[in-house]
Amino acid sequence: MNHDETILTEVANLLILSREGSLNDEQFESLRALLRDNRAARQCYYSLVNLEVALQESADLSESPDGPPDELIDMPLWNVLRQHEQQAPAIAIEKAPPPAPRPARRPDPADSSRQINKFSLFVAIASSAALVFFLLLVNLLPDRTGVEAASLAESVHAKWADSSPLEPGSRLSTGRNFLLREGYAKLLFDSRAQVTVEAPAEFEILTDDQIRLNYGRVYAIVPDEAHGFTVSARDLKIIDLGTEFGVYSDLYGNTELHVIKGRTSLISTLPDHTVNLEVHAGAARRLFNATGEVQDIALETGRFVRSIDTQNRFVWKGQAVSLADIVGGGNGFEGGTANMGIDVTTGGTRRSLSNIDTQIGSAGFRPVQSSPYIDGVFIPGAGEGPTVITADGSCRAAFPETGATFWGTIFNGAFHEGTTTPRHSLRLGGEAYGTPENPAITIHSSQGITFDLAAIRKGVPGLAIRKFRALAGVSETVRDELRREEGGAFEEFPEVKQIVDAGFSKSEFWVLVDGREAFGRVLSSADEAAEVEIALTEQDRFLTLAVTEADDSQAFDWALFGRPELVLEATER
Amino acid sequence: MNADSHDRNESIPSREASKRFLSLLMPIQKRLYAYILYHVPNRNEAEDILQEVIATLLTKFDEYEEGTNFVGWAVTVARYTILAYHRDNRRMRLLFDEADMDRFEGEVTAKMGTLDEEYEILQTCLRKLPDKYKRYLHFRYGLDMTYRQIAKTYNISMQSVYRTVVRIQTQLLKCIRTAQIEGRP
């Protein structure tokens, strides 16, 4: 590279960063100094700016090298409409009131989200007369012809390349390309198939049961009555056979198919590379446009946006609701604080858990005010008779008597620390819990918590809660601690000595749905953790998790529910 | 000529004057925008300034003397508007201070003057680009995508996008320069 090219490259790089709002102070000063002191650099810079302006005005670039011309910039039409405007009746224009003083501008150099619209130079010609002239032209532009075949059902942060923004409820016609520049959009086809589009993406609605994806990412949910719904990409068709699936197509024409449910038929019509195969749930394929090769790839269940909700700006990529996150004060997806817990004696939140001795509480349900998703907490088996496990008193459960003793709080995390026990992470199956990969709710006996499923459903519009799942167990670290305690102070307490001698501790785990026992098992620290999976319906209101001591002392009941989550599924709208 | 927007006279030109104004503005709008971009590195700010300049030119059009140098007048308004913006907001970045704007006025004027010719030559140079590069430019300039969106669509890093953009720019500038030297597109 010669000297001139070196300077050009340096200036070009700095200019790109400055246009993107990514130029830091040091780089900016470097560019200023270069331009101030180096004439060749200035000439390069002016040339690059001229090129930038010329490219923005180049009509050829409104046309994709692959697709039809953009009919929005149609000069003959523009001229016809201009003539029409000249013949239109005069419009009275009121004098505009004086403008308010302009506030001091505080531009955000990092904000490069605004785009220069091709029409902005025209709109900037801002007099009332010129603006009305322009608006007349825009309003007189004919609607694109085509057959209405779908509706825009939802959108979140959506920005379209079209000059007329699309709002939920808009009808979408065949025969035109739609370009979603930012955000998400859910389309409801007249065949009842749903397609969620993630920007940037360009697509065309072919019929009420076919969409062509030029590039970008879509997720299709196809009910029974819409079987046969087809997503076309370049030289490729994906036909639904009763499914949910995601399709990603890049600008080179390479396409990926990820089948989450049911099965699809994948047909490629590349010359000399015809492919026709079924792809089932749990599988994914990539088609290479250049070679026609179809490759098995790993299924990525979290890659596609499957559902969105306009009102709540909710975007769902298939993830489950984490009950650990909710215990930590989050919304089930984010925001939960690690190691934050709920005090069963008050229903209040606590962050400090270390060096807390065993406590004796009292009967009574404590509502939790800090989270709309938690109905409340309680001490199972305290007091006489069944334990109330919901705030409205509608649900009760018959736990064994526990003497109302408990330790610590119910918290988002998994560790234990006692007066003689060093702080350490709890473990199940050799894995540490209370981590981002393995979230957990620790419930040392005897404590219980009830989640409000109705409130959680409100937080995930368009989705149904299909099941609860978790791994339940007593931490295997109890074993090491008991070995340490052999011959120690705890041996003075007979019930504790019994545990030390046995080498394991036991706890009883409970999962109840609206007060009905759905899971109940005694597990010890020597047992493998138990997988819990409980189907849930739209009618289920309360989910309760509880741990009680199990015929031995309440000591060493380091019990946890690992990865406790509610599995969701998109519903038809 | 006072381009201070706070004092701007909000007189609305007649329809005839508006049309006359448009006929003068349209041929020079590229040069006017380039002048602003030479000095203001942030595209959003440059766009805002351009709108402010055009609004000022329109509302003060009755002060313009027919037959005099319209582009010179427009550039003067642009210069004052840029400096006023910078005065009102010190966080706004300017590539040249006022003294350097004076020093380099000749270079800037000369370079603005070649823009229309470069634009014409560019149309031919664009046709010579490989499809892959044309696609980049289509997304960037035809569809107004940011480089970040292009990176996401191509599923590549920002650095790869930047490298490709610089290659495209270098190729186009060479093509334009060759045409200017040889006197043909």
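Predicted model only: the values in this text are computed from it and were never measured. Chain A is the first sequence line, chain B the second, and so forth, proteins listed ahead of strands; every chain is numbered from 1. What's counted below: heavy atoms across the whole structure, side chains too, no hydrogens, waters or symmetry copies.
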Interatomic spacing from [atom1] in [X] to [atom2] in [Y] - rounded to 0.5 Å:
X	Y	atom1	atom2	value
L55(A)	H138(B)	CG	NE2	14.0 Å
D100(B)	L35(A)	CG	CG	9.5 Å
R181(A)	F139(B)	CZ	CZ	13.0 Å
L172(B)	S47(A)	CG	OG	12.0 Å

Test log, rule side-chain contact (heavy atoms from CB on, under 4.5 Å), inputs Q169(B) and L48(A): CA-CA 7 Å; Q169(B) 288 172 334; L48(A) 286 164; 3.8 Å; yes
Between [X] and [Y], which heavy-atom pair has the shortest distance, and what is it?
X	Y	result
K111(B)	N50(A)	O-ND2, 3.1 Å
F28(A)	L94(B)	CZ-O, 3.3 Å
N42(B)	R19(A)	N-NH1, 4.3 Å
R36(A)	R103(B)	O-NH2, 3.5 Å
L95(B)	R32(A)	O-NE, 3.3 Å
A34(B)	V49(A)	O-CG1, 3.8 Å

Side chains of L122(B) and S58(A) in contact at under 4.5 Å (non-hydrogen atoms): yes
Plane angle bin for F96(B) and Y45(A) - parallel if under 30°, tilted between 30 and 60°, otherwise perpendicular: perpendicular
Pair Y119(B)-E57(A), side-chain donor/acceptor within less than 3.5 Å: no
Check against side-chain contact (heavy atoms from CB on, under 4.5 Å), R39(A) and E107(B): CA-CA 9 Å; R39(A) 185 173 184 280; E107(B) 291 178 357; 3.6 Å; yes
Residue pair T170(B), E5(A): steps toward the side-chain hydrogen bond (donor to acceptor under 3.5 Å, both in side chains) verdict: CA-CA 8 Å; T170(B) 304; E5(A) 283 177 357; over 6 Å; no
By a 4.5 Å heavy-atom criterion (distance strictly below it), what part of [X] contacts chain B: side chain, backbone, both, or neither?
X	result
E52(A)	both
L17(A)	side chain
A199(A)	backbone

Within 6.0 Å of CD in E66(B), more than 12 heavy atoms from elsewhere: yes
Contact winner vs chain B - N254(A), I16(A), L31(A), heavy-atom pairs under 4.5 Å: I16(A)
Max heavy-atom pair count under 4.5 Å with chain B, selected residue of D250(A), L14(A), L8(A): L8(A)
V161(B) versus chain A, the contacting section by heavy-atom distance below 4.5 Å: neither
Test of ring centre spacing under 6.0 Å for Y46(A) and F104(B): no
Donor-acceptor pair, side chain of Y162(B) and main chain of N13(A), under 3.5 angstrom: no
Residues R93(B), D25(A): salt bridge by 4.0 Å N-O rule: yes
When D116(B), L115(B), I150(B) are compared by non-hydrogen pairs under 4.5 Å with chain A, the top option: L115(B)
